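Since the structure comes first, as C-alpha cells, the remarks are kept for the end.
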Amino acid sequence: MKKNIFAVCDLEVDYAHNFMDYLNCKRSIPFEIQAFTSVEHLIKFAEKQRIEILLISDKAMCPQVKELDVGQLMILSEGVHPPELDQYPSVYKYQSSDHVIREVMACYGADRDGSEPARIPKKTMEIFGVYSPLGRCLKTSFALTLGQILARDRAVLYINLEEYAGFEELLEKRYEHTLSDAMYYARQHNKNLAHKISGMIESIGNLDYIPPAESFEDIRTASLEEWNYLLDTIAFNSAYEVVILDAGDGVDGLFQLLDRCTRVFMPILTDVLSRAKLAQAEKLMKTWKVLSGKFEKIKLPYYTFSGDGKGYVEQLVWSELGDFVRTLLRKERE
C-alpha cells in the first residue's frame with residue numbers, strides 16, 4: 001500500500017526544496033513528499049496521482065489548482081493574501097518548519113474527525129520502556145539520551161508518562177497541545193487520533209515527542225485500555241519504528257503496559273535503601289506474573305554536565321550517558 005501524497009508548491013525554489021528536504025528527514029511523517037516550483041508541474045502530477053495534502057503558496061494559487069481533486073488544500077501565506085483565499089486554511093510561511101508541520105497536521109486532523117486513517121505499511125514497531133521504582137537515578141535523562149541516539153537512524157517517538165515531567169520549565173516552552181489531549185481522544189476511541197497526534201508532535205533534534213500531560217490527574221485517570229489504544233494507533237497509523245515510554249508509578253496497569261514493551265530498562269542505585277525498594281518492586285512483579293525476563297537493570301554513569309534547559313537535553317548525547325547508551329546498543333548488535 002502506497003503512502004498518501006503531501007505536496008508542497010512554492011514558486012520560491014530554495015524554499016520548496018529546503019522544505020522538502022526537511023520533511024524527508026522527518027521519517028515519522030506518514031506521507032510521501034512531493035515538491036513543486038511551478039503550477040504546471042503540480043497540475044500534471046495531480047492528473048495522475050491524487051494529492052491528500054496540498055500546501056501551496058498564495059502566489060502560486062490559481063483557478064486551475066482550485067479544480068484539483070485534493071484531500072486538504074492549505075495556503076502557505078506570507079502574511080497577507082487575497083481575500084478570495086480566505087476560504088482555505090492558511091499557514092504562515094516564515095516560521096520554523098516544525099511549526100508549519102504542526103499547524104498543517106492539526107488542520108488536517110481537525111478536518112477528518114470520524115474518518116478512518118490509512119494504515120501505514122512498515123516494520124513492526126518496537127516499544128522500549130524505561131522505568132525504575134527509585135528516584136534520582138537519571139531515568140528520564142537516560143530515556144532522552146536513548147531516544148536521541150536511536151533517532152539518528154530510525155523514526156522514534158518519546159512519550160513521558162510521569163506525573164510531573166517538567167518539560168515546559170526544562171525546555172522553556174509553552175505547549176498548545178499535550179498528552180492530556182491525546183488521552184482525551186483515546187478515551188473517546190477517536191478514529192482520527194493519529195492525525196491529532198501528528199498535530200501536537202514536538203522535536204528535539206531528530207527525536208519526536210508528545211508534550212507531557214499538564215496535570216498528574218490526566219496520568220492517573222487514564223486506563224490501561226486507553227494507553228493501549230494510544231499505542232495501537234501509533235503502531236498502525238504512523239511511521240514510527242520505535243516508541244520510548246518513560247514511565248512513572250502513576251500509570252494505571254503499569255506492569256501490564258510495560259509487559260507490552262520489547263525491552264524495559266531499569267536504572268538502579270546500589271545503596272541500602274535503593275536495594276530494599278528494588279526488592280519490593282521485584283516481589284510485586286512476580287505477584288503480577290508480568291515482565292518475565294524483560295527487565296534490564298542498568299547502573300548509569302555519573303553525569304557531570306552542569307548546564308540547564310534545552311542545552312542539558314541536547315548535550316546528553318555527548319555525555320557519559322551518551323557513551324553508555326552507544327555501548328549498550330553496540331553490544332546488542334554483536
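Nothing fancy with the numbering, it's 1 onward along the sequence. As the structure is a computational prediction, the values presented were derived from the model and not from experiment.
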Does Y108 form a ring pair (Phe, Tyr, Trp, His ring centres under 6.0 Å) with H195? I'd like the steps, not just the answer.
CA-CA 7 Å; Y108 179 72; H195 296 314; 4.6 Å; yes
If you draw a 6.0 Å radius around NZ in K310, do more than 12 non-hydrogen atoms from other residues or ligands fall strictly inside?
no
Is any side-chain heavy atom of L179 closer than 4.5 Å to one of D218?
no
Rounded at 0.5 Å granularity, tell me how far CD in E32 sits from CD in E52.
13.0 Å
Would I201 and L157 satisfy side-chain contact (heavy atoms from CB on, under 4.5 Å), going step by step from the backbone distance to the final call?
CA-CA 9 Å; I201 292 295; L157 178 66; 3.5 Å; yes
Counting neighbours of CD on E176 that are heavy atoms of other residues, nucleotides or ligands and sit closer than 6.0 Å, is the number greater than 12?
no
So which heavy atom on V313 is nearest to which on Q148, and how close?
O-NE2, 2.9 Å
Could you verify whether a donor N or O on one side chain and an acceptor N or O on the other, from Q34 and Q49, lie under 3.5 Å apart?
no
Minimum-distance pair of heavy atoms, taken over all atoms of A143 and I244
O-CD1, 4.0 Å
Assess whether side-chain contact (heavy atoms from CB on, under 4.5 Å) is satisfied between L230 and I197, documenting all intermediate values.
CA-CA 10 Å; L230 176 73; I197 290 174; 3.6 Å; yes
Kindly compute the distance separating OG1 (T270) from CG (L278), expressed to the nearest 0.5 Å.
10.0 Å
Could you tell me which non-hydrogen atom of V39 sits nearest to which non-hydrogen atom of C62, and how far apart they are?
CG1-SG, 3.7 Å
Can you tell me if Q95 has over 12 outside heavy atoms packed within less than 6.0 Å of its CD?
yes
Mark yes when over 12 heavy atoms from residues, nucleotides or ligands other than E172 sit less than 6.0 Å from its CD; otherwise mark no.
no
Side chains of residues 164-171: which donor-acceptor pairs under 3.5 Å do they make with residues two or more places apart or in other chains?
from, atom 1, to, atom 2, distance (Å)
E168, OE1, R174, NH1, 2.8
E168, OE2, Y175, N, 3.4

Give the minimum heavy-atom separation between P267 and K139, together with the two atoms involved.
CG-CA, 3.9 Å
Closest non-hydrogen atom pair between H177 and P211, with its separation
O-CG, 3.5 Å
Could you check whether any side-chain N or O of Y185 sits under 3.5 Å from a backbone N or O of A194, counting only pairs where one atom can act as donor and the other as acceptor?
no
Should F216 and L161 be counted in the same cluster of Ile, Leu, Val, Met, Phe, Trp and Tyr side chains packed under 4.5 Å apart?
no
Shared ILVMFWY cluster between M20 and V13, side chains joined below 4.5 angstrom?
no
To the closest 0.5 Å, what do you measure between OH (Y131) and SG (C137)?
10.0 Å
Any side-chain heavy-atom pair of V251 and L245 under 4.5 Å
no
Tell me whether the count of non-hydrogen atoms from other residues, nucleotides or ligands lying under 6.0 Å of NZ in K286 goes above 12.
no
If you define the side chain from C-beta out and look only at heavy atoms, does anything of V130 sit under 4.5 Å from V264?
no
Below 4.5 Å, heavy atoms only, C-beta onward: do P133 and M266 meet side chain to side chain?
yes
One pair to check against side chain to side chain donor-acceptor pair (under 3.5 Å): N160 and Y209. What are the steps and the verdict?
CA-CA 8 Å; N160 188 295; Y209 68 96; over 6 Å; no
So, the side chain of R326 versus the backbone of V317: is there a donor-acceptor pair under 3.5 Å, distance only?
yes
Quick one: do E282 and K297 make a salt bridge, cutoff under 4.0 Å?
yes
Can you measure from CG (L269) to CZ (R136) and round to the nearest 0.5 angstrom?
10.5 Å
Walk me through whether L55 and F6 qualify under side-chain contact (heavy atoms from CB on, under 4.5 Å).
CA-CA 8 Å; L55 183 61; F6 183 158; 4.1 Å; yes
Is it possible for you to say whether W318 and I149 belong to one hydrophobic cluster, with membership spreading through side-chain heavy-atom contacts below 4.5 Å?
yes
Within-4.5 Å side-chain heavy-atom neighbours: E225 and H189
yes
Any side-chain heavy-atom pair from F31 and I51 closer than 4.5 angstrom?
no
With no hydrogens and no angle check, is any side-chain donor or acceptor of D323 less than 3.5 Å from a backbone partner on E320?
no
Between E12 and K93, what is the shortest heavy-atom contact and its length?
OE1-NZ, 2.9 Å
What is the distance from atom CG of N206 to atom CZ of R152, rounded to the nearest 0.5 Å?
8.5 Å
Set out, in order, the CA-CA distance, both residues' side-chain angles and the distance that settles side-chain contact (heavy atoms from CB on, under 4.5 Å) for Y88 and K66, then state yes or no.
CA-CA 10 Å; Y88 303 105; K66 295 179 182 180; 3.4 Å; yes
Salt-bridge criterion met for R154 and E126 (N-O under 4.0 Å)
yes
W227 side chain reached by R260 side chain, heavy atoms, under 4.5 Å
no
Indicate the ring-plane relationship of Y15 and F19, choosing parallel, tilted or perpendicular according to the 30° and 60° boundaries.
parallel
Are L329 and L207 connected in the hydrophobic side-chain network, where two residues link if heavy atoms are under 4.5 Å apart?
yes
hydrophobic_cluster_shared for I43 and L11, side chain cutoff 4.5 Å
no
Can you find a pair of side-chain heavy atoms, one from T221 and one from M183, that are under 4.5 Å apart?
no
According to the interplanar angle, ranging from 0 to 90°, do the rings of F324 and F142 count as parallel (below 30°), tilted (30 to 60°) or perpendicular (above 60°)?
perpendicular
Rounded to the nearest 0.5 Å, how far does CD of E103 lie from OG of S90?
8.5 Å
